[in-house]
Q: 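Could you have a look at this structure, given as structure tokens, before my questions?
Quick caveat, the model's predicted, so the values are computed rather than measured.
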Amino acid sequence: MTQDQTTGPDAAPETPAPWRPSRTVAVVLAGGTGTRLGLGIPKQLLKIAGKPIIEHTLAVFEAAPEIDEIIVLMATGHVEDARQIVEKAGLRKVTKVIEGGDTRNATTRIALDAVGPADCNILFHDAVRPLLSGRIVRECVNALWTYAAVDVAIPSADTIIQLDENDCITDIPVRSRLRRGQTPQAFRSPTIREAYRIAEGDPAFAATDDCGVVLRYLPGTPIKVIDGSDENIKVTHPVDVHLADKLFQLAAAQAPRLTDHRSYSEELTGRTIVVFGGSYGIGHELTELARRYGAQVFPVSRSTTGTHVERAEDVEAALKAAFEATGRIDHVVVTAGILEKGALAEMDEATMDRLLQVNFVGPVTIARQSLPYLQQTKGQLLLYTSSSYTRGRARYALYSATKAALVNLTQALADEWAEVGVRVNCINPERTATPMRTRAFGEEPEHTLLAAEAVAQSSLDVLISDLTGQVIDVRRAPGDGPTPTVPTQASPGLLEAPAGATSAN
């Protein structure tokens, strides 16, 4: 960095030149071996939510507009594994996948050499923190305009105690001033380089934390701390694997919304959509909306076309008819579902079989039959869950269980079908005004329910997005009310309608 060189007895104090980085580089540190997890592979290669941990982590930086380049420092002997993950996932920002050092010190030095001499922002992040948010990345980069070093931390919920060599308490620091450090840690490149240059002269130097190196060897440099998040956990112990997997399952993505009617028409004109359960509720609204934007939509249901989703021959006939009419199938949507309340112990066999067949076997059957068509167009399968998938509800246990199964099915198929370019997602609407919900729960205040049209719009946004393997929450905006729906005829307690619109929350 250059500084103004003003001389003379009346000269103003020297001030640093404005910080003008050439780019922002994310350095992903993936040198762990997974010994504490008892694995035969590095923990960053372990799959969580259908993908290797490191792929989840890299995807965050790939999606962050603040990041220009990604460099991966991989464990010895596994560089090629990481390169294959990068290639398969199409991570264009990754410029180097190289072997890390034997120690944290050596790995950071290798990373600094790989970054090059130009002034830039550098973010060091643990590969095994896959739940990093875009918000944290953005705030780290923004803080570097003012500070030369930035850390990420969260308050400590536990009291911290200090022990002596006999494991006896010597001090209990004030908890309100304590934080638990996370990553990324961000630096202006000249700062972290200078800290490591000075550290090289210390024979006792051993880094476990890059901000610690700056604090020790450049003590006059302020280190800004921004808020991390409880979800930004480090996968270190066996329990962390289960926690991270559950957090991914509960995390909800958001599909980008286009700005105007013309943009939707440009995306959807010429596409073919098959909607199973397209007669009422969300399925009907999605059909009408997609048609207005130029898509060719084929709604099928038990009541209008005699299509039973659990019957393979019915599903194949519906798909074949759509394909023969248009020569393609781009999207298959499964809103069909049934809900019948009652204690499990009191349900008869026929009712239980219907619930399982329509709500789970049906989507599975549709998925299997749809794959050959979707593979041709690199299309998408869209399923629907319910808020009850996170915790089963009394008196509709089978319904809740099948909705949880569809979330798992979504994530599994997204991973399974990624290699053939087919995407799979799942919509999770809150309580929605549909005929099935009215049949199951009676009349409810309109202001407490989501409009079926809003779910249809979000569904359309997902269909034209690049998302896959995601559960997309759809929530009612404050002050919104539903568009009234017309009750439909159905057998008592049993109605075909959008599956995700029926949970009681």
Side-chain angles (χ1 to χ4, degrees), residues 25-37 39 41-64 66-67 70-75 78-79 81-94 97 100 107 111 123-141 152-154 180-186 226-254 407-408 410-412 414-415 418 425 466-472:
V25 183
V27 175
V28 175
L29 304 171
T33 59
T35 54
R36 278 179 281 187
L37 284 175
L39 301 173
I41 60 171
K43 54 191 175 182
Q44 56 271 23
L45 296 179
L46 184 70
K47 282 193 174 183
I48 288 179
K51 298 178 183 178
I53 291 175
I54 191 173
E55 183 177 340
H56 287 294
T57 304
L58 293 172
V60 176
F61 291 112
E62 179 78 17
E66 299 82 7
I67 300 299
I70 305 169
I71 295 175
V72 181
L73 277 294
M74 191 61 189
H78 295 278
V79 170
D81 294 328
R83 286 176 178 160
Q84 290 179 8
I85 290 170
V86 168
E87 182 178 355
K88 179 181 176 183
L91 300 169
R92 295 185 296 273
K93 290 183 182 179
V94 179
V97 180
T107 297
L123 280 69
F124 292 98
H125 184 66
D126 298 324
V128 289
R129 291 186 186 271
L131 287 146
L132 172 67
S133 71
R135 188 270 304 172
I136 293 176
V137 175
R138 181 175 62 255
E139 291 187 9
C140 281
V141 175
V152 174
I154 59 175
R180 292 160 48 203
Q182 298 182 333
T183 63
Q185 294 184 332
I226 69 167
D227 292 333
S229 71
D230 291 326
E231 291 79 14
N232 187 23
I233 64 172
K234 185 177 182 180
V235 179
T236 304
H237 303 287
V239 68
D240 299 328
V241 176
H242 299 291
L243 288 174
D245 201 53
K246 179 57 67 174
L247 287 170
F248 268 113
Q249 184 188 51
L250 298 179
Q254 286 188 335
V407 170
N408 194 291
T410 296
Q411 294 165 337
D415 184 43
N425 290 295
D466 293 327
L467 294 174
T468 189
Q470 300 297 318
V471 178
I472 298 91

Q: So which heavy atom on T107 is nearest to which on G100, and how close?
A: OG1-C, 3.9 Å
Q: May I ask you to decide if L45's main-chain N or O and D81's side chain share a donor-acceptor pair within less than 3.5 Å?
A: no
Q: For L123 and C140, which heavy atoms make the closest approach, and how far apart are they?
A: CD2-CB, 4.2 Å
Q: Return the set of residues passing side chain to side chain donor-acceptor pair (under 3.5 Å) with Q185 (not counting sequence neighbours), or none when no residue passes.
A: D151, D209
Q: Please give me the minimum heavy-atom distance between V72 and A30, naming the atom from each residue.
A: CG1-CB, 4.5 Å
Q: Drop me the distance from L29's CG to Q44's CD, to the nearest 0.5 angstrom.
A: 10.5 Å
Q: Which residues satisfy the salt bridge (charged side-chain N to carboxylate O under 4.0 Å, His left out) test with D415, sequence neighbours excluded?
A: K47
Q: Provide the closest heavy-atom pair for A127 versus V28 in the form atom of the first, atom of the second, distance.
A: CB-CG1, 3.6 Å
Q: If we ignore hydrogens and angles and just use 3.5 Å, is the side chain of K43 paired with the main-chain N or O of V241 as donor and acceptor?
A: no
Q: Could you tell me which residues satisfy side chain to side chain contact (heavy atoms under 4.5 Å, CB included) with N232, sequence neighbours excluded, listed by chain and number?
A: H125, R129, L132, I136, Q182, S229
Q: Under the criterion side chain to side chain contact (heavy atoms under 4.5 Å, CB included), I'd like the reasoning laid out for H237 against D240: C-alpha separation, chi angles, the key distance, then a yes or no.
A: CA-CA 5 Å; H237 303 287; D240 299 328; 3.7 Å; yes
Q: Under the side chain to side chain donor-acceptor pair (under 3.5 Å) rule, collect the residues that match up with R135, sequence neighbours excluded.
A: E139
Q: According to salt bridge (charged side-chain N to carboxylate O under 4.0 Å, His left out), who are the partners of K88, at least two apart in sequence or on a separate chain?
A: none
Q: About how many Å separate OG1 of T468 and CG of N425, when rounded to the nearest 0.5 Å?
A: 5.5 Å
Q: Looking only at atom types and distance, does a side-chain atom of K234 sit under 3.5 Å from a main-chain N or O of D126, one as donor and one as acceptor?
A: no
Q: Taking side chain to side chain contact (heavy atoms under 4.5 Å, CB included) as the definition, give me every residue that meets it alongside A59, ordered by chain and number, with sequence neighbours left out.
A: none
Q: The criterion is side chain to side chain contact (heavy atoms under 4.5 Å, CB included); which residues satisfy it with A418, sequence neighbours excluded?
A: none
Q: Give me each pair satisfying salt bridge (Lys or Arg N to Asp or Glu O under 4.0 Å) with a member in residues 49-62, each pair once, sequence neighbours excluded.
A: none
Q: Between P130 and V235, which heavy-atom pair has the shortest distance, and what is it?
A: CD-CG2, 4.2 Å
Q: What is the distance from atom NE2 of H242 to atom CG of L247, rounded to the nearest 0.5 Å?
A: 13.0 Å
Q: Heavy atoms only: give me the nearest F61-V137 pair and the separation to one decimal.
A: CE2-CG2, 3.9 Å
Q: How would you list, by chain and number, every residue that makes a side chain to side chain donor-acceptor pair (under 3.5 Å) with H56, sequence neighbours excluded?
A: none
Q: For a side chain to side chain contact (heavy atoms under 4.5 Å, CB included) check, start with the C-alpha distance between I70 and V86, then their side-chain angles and the critical distance, and finish with the verdict.
A: CA-CA 11 Å; I70 305 169; V86 168; over 6 Å; no
Q: Walk me through whether T183 and F124 qualify under side chain to side chain contact (heavy atoms under 4.5 Å, CB included).
A: CA-CA 7 Å; T183 63; F124 292 98; over 6 Å; no
Q: Could you go through the side chain to side chain contact (heavy atoms under 4.5 Å, CB included) check for M74 and R83 one step at a time?
A: CA-CA 10 Å; M74 191 61 189; R83 286 176 178 160; over 6 Å; no
